[in-house]
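Ligands are counted one by one from 1 in listed order, and the atoms in each one are counted from 1 as well.
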Amino acid sequence: MKKENSMDFTEEKEYFLSGKINEECGCFGLFNVADAASLSYFGLHALQHRGQEAAGIAASDGETIRTYKGKGLLTEVFNNDIIASLPGRYALGHVRYSKADANQIENAQPIMVRAHMGHFAVAHNGQIVNAPELKKELEDKGSIFQGVSDSELIAHLIQREEGTFVEKIIKACRRFEGAFAFVIMTKDCMYAIRDKNGLRPLAIATLPDGGYCISSETCAFDIVGATYLKDVEPGEVVRLAKDDVMKTFHYTEHTQKKMCAMEYIYFARPDSNIDGVNVHTARRISGRYLAKTEDVEGDIVIGVPDSSLSAAIGYSEESGLPYEIGLIKNRYVGRTFIQPTQKQRERGVRMKLSAVSSIVKGKRVFMIDDSIVRGTTSKRIVQLLKEAGATEVHVRIGSPALTHPCFYGVDTSTYDELISARLNEEEVRKYIGADSLRFLTIEQMKEAFGTDDLCTSCFNGQYCTSLYSYGTILEEEKKAHEQ
Ligand code: AMP
Ligand code: SF4
């Protein structure tokens with residue numbers, strides 16, 4: 001039976017392909033810890049930068065799983081009474097970023113599944129590229145979907161597979177293509193899973209009095225007093241069970257490490273370590289690489305708060321030019337990009353940053369930013385700096401130019417959105433009004449991050465997985481784009 005508000009396959013495929021569903025989120029799990037929900041609230045705070053549209057926590061007392069989720073920031077969704085209504089030693093939390101149309105409560109996570117084999121909750125980060133095909137298959141077999149989140153798909157597929165719970169998870173994972181890191185909680189077990197390319201981060205830590213913590217980023221470990229144990233490996237399913245027994249399974253032998261380069265460049269907090277690499281250090285060295293090949297003269301170096309400050313420090317160290325605070329961020333405005341519509345984003349940039357005239361007036365400024373997506377932020381900042389009296393603004397970007405859409409859960413899913421897909425470097429420079437513009441090369445980026453194990457698809461169009469229906473739309477877009 002088709003639900004009243006559900007879409008048929010063609011509509012759903014178009015919906016997916018339009019990039020309206022994207023999941024760059026944060027997952028946080030606590031296993032066998034007193035007041036797990038309350039502690040997971042603090043852990044999720046450390047992941048709030050990964051998503052501000054919705055938040056949720058599922059908690060289990062060993063018998064019953066209770067869930068609460070809502071739209072908005074954690075502080076808007078939860079209060080003491082709500083946390084108190086989620087008792088137990090097991091908790092699974094999630095913060096979600098979504099594009100405008102997918103910002104419905106049905107898509108908030110964790111997803112609660114009331115299955116005959118036992119209830120469970122699912123939270124995930126990433127994007128399954130064959131989701132439209134898998135959903136169609138499941139709907140044909142009678143599954144009914146409430147929202148469009150990949151978590152629901154994971155839940156349905158697990159239910160349909162045969163075997164023990166972990167066998168079901170393993171069989172379901174073998175059917176997924178794309179980027180996913182997910183955490184599943186039953187009434188007394190927890191599972192942490194990462195896709196075979198390791199595109200999205202997920203790590204595990206131990207707690208001082210026993211128990212475990214699972215998080216999209218290691219920065220959330222400190223806040224709950226957890227000690228890092230390991231990153232979940234690509235293709236690995238880690239099971240945490242009674243008496244703190246940790247067991248790992250591998251759903252495939254065909255794995256590679258292709259961590260999303262944008263995690264290092266933009267998403268992750270500087271105090272997080274991903275696959276053994278500290279994010280602040282990676283950014284700082286990328287700033288050094290930008291300065292190594294500098295051929296323009298300037299007076300001061302400034303970074304765009306917050307994600308570009310590490311790269312600006314590196315640039316200043318290498319160039320010998322003073323690092324200055326030339327831009328001030330209004331702390332009470334959220335991340336500009338993580339606003340569903342372009343209008344909100346533009347307003348966001350205006351409200352978010354101010355140039356410090358006493359610092360930049362009469363100066364030739366090197367302005368370091370982490371990336372250019374649509375060009376809105378750089379254009380506005382160059383304008384702000386010039387209005388504040390900077391004589392020249394040289395923009396240096398701590399990433400290669402974003403020339404291809406991402407289908408792995410990051411919100412850049414069409415060529416039209418990417419200014420560097422449409423314009424060459426000189427045209428982008430003109431558009432943003434800078435006196436000069438340089439990007440990091442892919443090679444410099446790899447050297448700066450000290451690893452080859454990176455996804456670089458959005459910089460070179462070499463995708464690490466098959467793209468299924470997205471491949472078709474990509475070809476069509478490419479053709480339209482070349483005309
Ligand atoms: P734009 O104004 O569209 O060029 O956005 C560029 C800014 O958005 C960068 O300075 C980053 O701080 C941030 N950013 C870059 N990539 C992403 C992304 N995929 N999702 C969210 N924010 C991003
Ligand atoms: Fe990250 Fe780019 Fe790969 Fe997407 S395509 S996963 S944004 S590196």
Side-chain angles (χ1 to χ4, degrees), residues 19 22-25 49-53 97-99 125-127 129 178-181 195 197-201 257-268 274 283 303-312 327 329 334-342 344-350 352-353 367-383 395-414 416-421 423 428 431-432 437 439 442 445-446 449 453-465 467 470 474:
N22 267 306
E23 311 278 353
E24 181 56 37
C25 307
H49 60 285
R50 299 184 70 86
Q52 300 158 1
E53 302 296 321
Y97 161 62
S98 71
K99 277 193 155 184
N125 170 30
Q127 189 173 354
V129 287
F180 56 87
D195 73 71
N197 296 303
L199 280 152
R200 306 256 73 92
K257 283 190 172 174
K258 289 284 176 191
M259 170 53 66
C260 167
M262 287 304 289
E263 288 283 351
Y264 294 105
I265 293 163
Y266 171 74
F267 287 116
I274 305 174
R283 289 179 189 166
V304 179
D306 293 319
S307 44
S308 308
L309 299 183
S310 306
L327 289 166
K329 183 178 169 186
R335 289 183 103 162
T336 328
F337 196 106
I338 308 197
Q339 309 268 350
T341 67
Q342 178 67 6
Q344 283 170 307
R345 266 189 295 270
E346 278 169 18
R347 201 178 308 123
V349 179
R350 272 198 298 276
K352 200 169 91 170
L353 290 167
M367 187 272 261
I368 318 294
D369 202 355
D370 53 79
S371 53
I372 294 181
V373 182
R374 301 169 182 86
T376 322
T377 312
S378 301
K379 187 180 168 79
R380 178 69 192 144
I381 296 173
V382 171
Q383 198 184 340
V395 176
R396 300 292 175 264
I397 302 294
S399 70
L402 286 159
T403 49
H404 292 75
C406 172
F407 298 103
Y408 303 133
V410 170
D411 185 10
T412 49
S413 38
T414 65
D416 282 348
E417 284 175 338
L418 299 169
I419 191 168
S420 294
L423 308 179
V428 176
Y431 174 81
I432 64 173
L437 169 68
F439 292 89
I442 294 180
M445 177 180 75
K446 286 181 175 173
F449 297 173
D453 299 337
L454 293 173
C455 170
T456 53
S457 312
C458 51
F459 310 121
N460 59 13
Q462 290 162 19
Y463 292 92
C464 356
T465 70
L467 293 180
Y470 293 97
L474 187 72

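With a 4.5 Å cut-off on side-chain heavy atoms, Asp370 and Ile397 do not count as touching. Looking only at side-chain heavy atoms (C-beta outward), Pro405 and Tyr463 come within less than 4.5 Å of each other. At least one side-chain heavy atom of Arg50 sits less than 4.5 Å from a side-chain heavy atom of Asn125. Under the 4.5 Å side-chain criterion, counting only non-hydrogen atoms from C-beta, Met262 is in contact with Phe459. Residues Thr456 and His404 fail the side-chain proximity criterion, which asks for heavy atoms closer than 4.5 Å.
Between Asp306 and Lys329 there is a salt bridge, since a side-chain N of the basic residue sits under 4.0 Å from a carboxylate O of the acidic one.
For atom 2 (Fe) of ligand 2, the choice among Cys260, Ser399, Gly461, Cys458 with the nearest heavy atom turns out to be Cys458.
Atoms of ligand 1 found under 4.0 Å from any heavy atom of Val410 (numbered from 1 in listed order, with element): 19 (N). Listed by number with element, the atoms of ligand 1 under 4.0 angstrom from any heavy atom of Thr377 are 1 (P), 2 (O), 5 (O), 6 (C), 7 (C). Listed by number with element, the atoms of ligand 1 under 4.0 angstrom from any heavy atom of Asp369 are 10 (O). Of all atoms in ligand 1, listed by their number and element, those nearer than 4.0 Å to a heavy atom of Arg374 are 1 (P), 3 (O), 4 (O). Every atom of ligand 1 with a heavy atom of Ser371 under 4.0 Å away is listed here by number and element: 6 (C), 9 (C), 10 (O), 11 (C), 14 (N), 15 (C), 16 (N). Atoms of ligand 2 found under 4.0 Å from any heavy atom of Ser457, numbered from 1 in the order shown, are 5 (S). For ligand 2, the atoms lying closer than 4.0 Å to a non-hydrogen atom of Cys455 are 3 (Fe), 5 (S), 6 (S), 8 (S). Per-residue contacts place Tyr408 under 4.0 angstrom from the following atoms of ligand 2 (heavy atoms of the residue considered): 6 (S). The distance from ligand 2 to the heavy atoms of Met262 drops below 4.0 Å at these ligand atoms: 7 (S). The Asp370 neighbourhood of ligand 1 comprises atoms 9 (C), 10 (O), 11 (C), 12 (O), with distances under 4.0 Å to a heavy atom of that residue. Taking a cut-off of under 4.0 Å to the non-hydrogen atoms of Val410, the atoms of ligand 2 that pass are 7 (S).
Put simply, the side chain of Lys379 gets close to the backbone of Tyr431: a donor and an acceptor are under 3.5 Å apart. Counting only distance, with no hydrogens or angles, the side chain of Tyr408 and the backbone of Cys464 share a donor-acceptor pair below 3.5 Å. A donor-acceptor contact shorter than 3.5 Å links the side chain of Asn460 to the backbone of Gln462.
Here's the thing with Phe267: none of its N/O atoms is less than 3.5 angstrom from an N/O atom of ligand 1.
Within the structure, ligand 1 has Gly375 among the residues with a heavy atom less than 4.0 angstrom away. Residue contact check for ligand 2: Ala261 places a non-hydrogen atom closer than 4.0 Å to it.
Atom 1 (Fe) of ligand 2 lies at 2.8 Å or more from every N, O or S atom belonging to Cys406.
In this structure, CD1 on Ile368 lies 14.0 Å from CZ on Arg283, to the nearest 0.5 angstrom.
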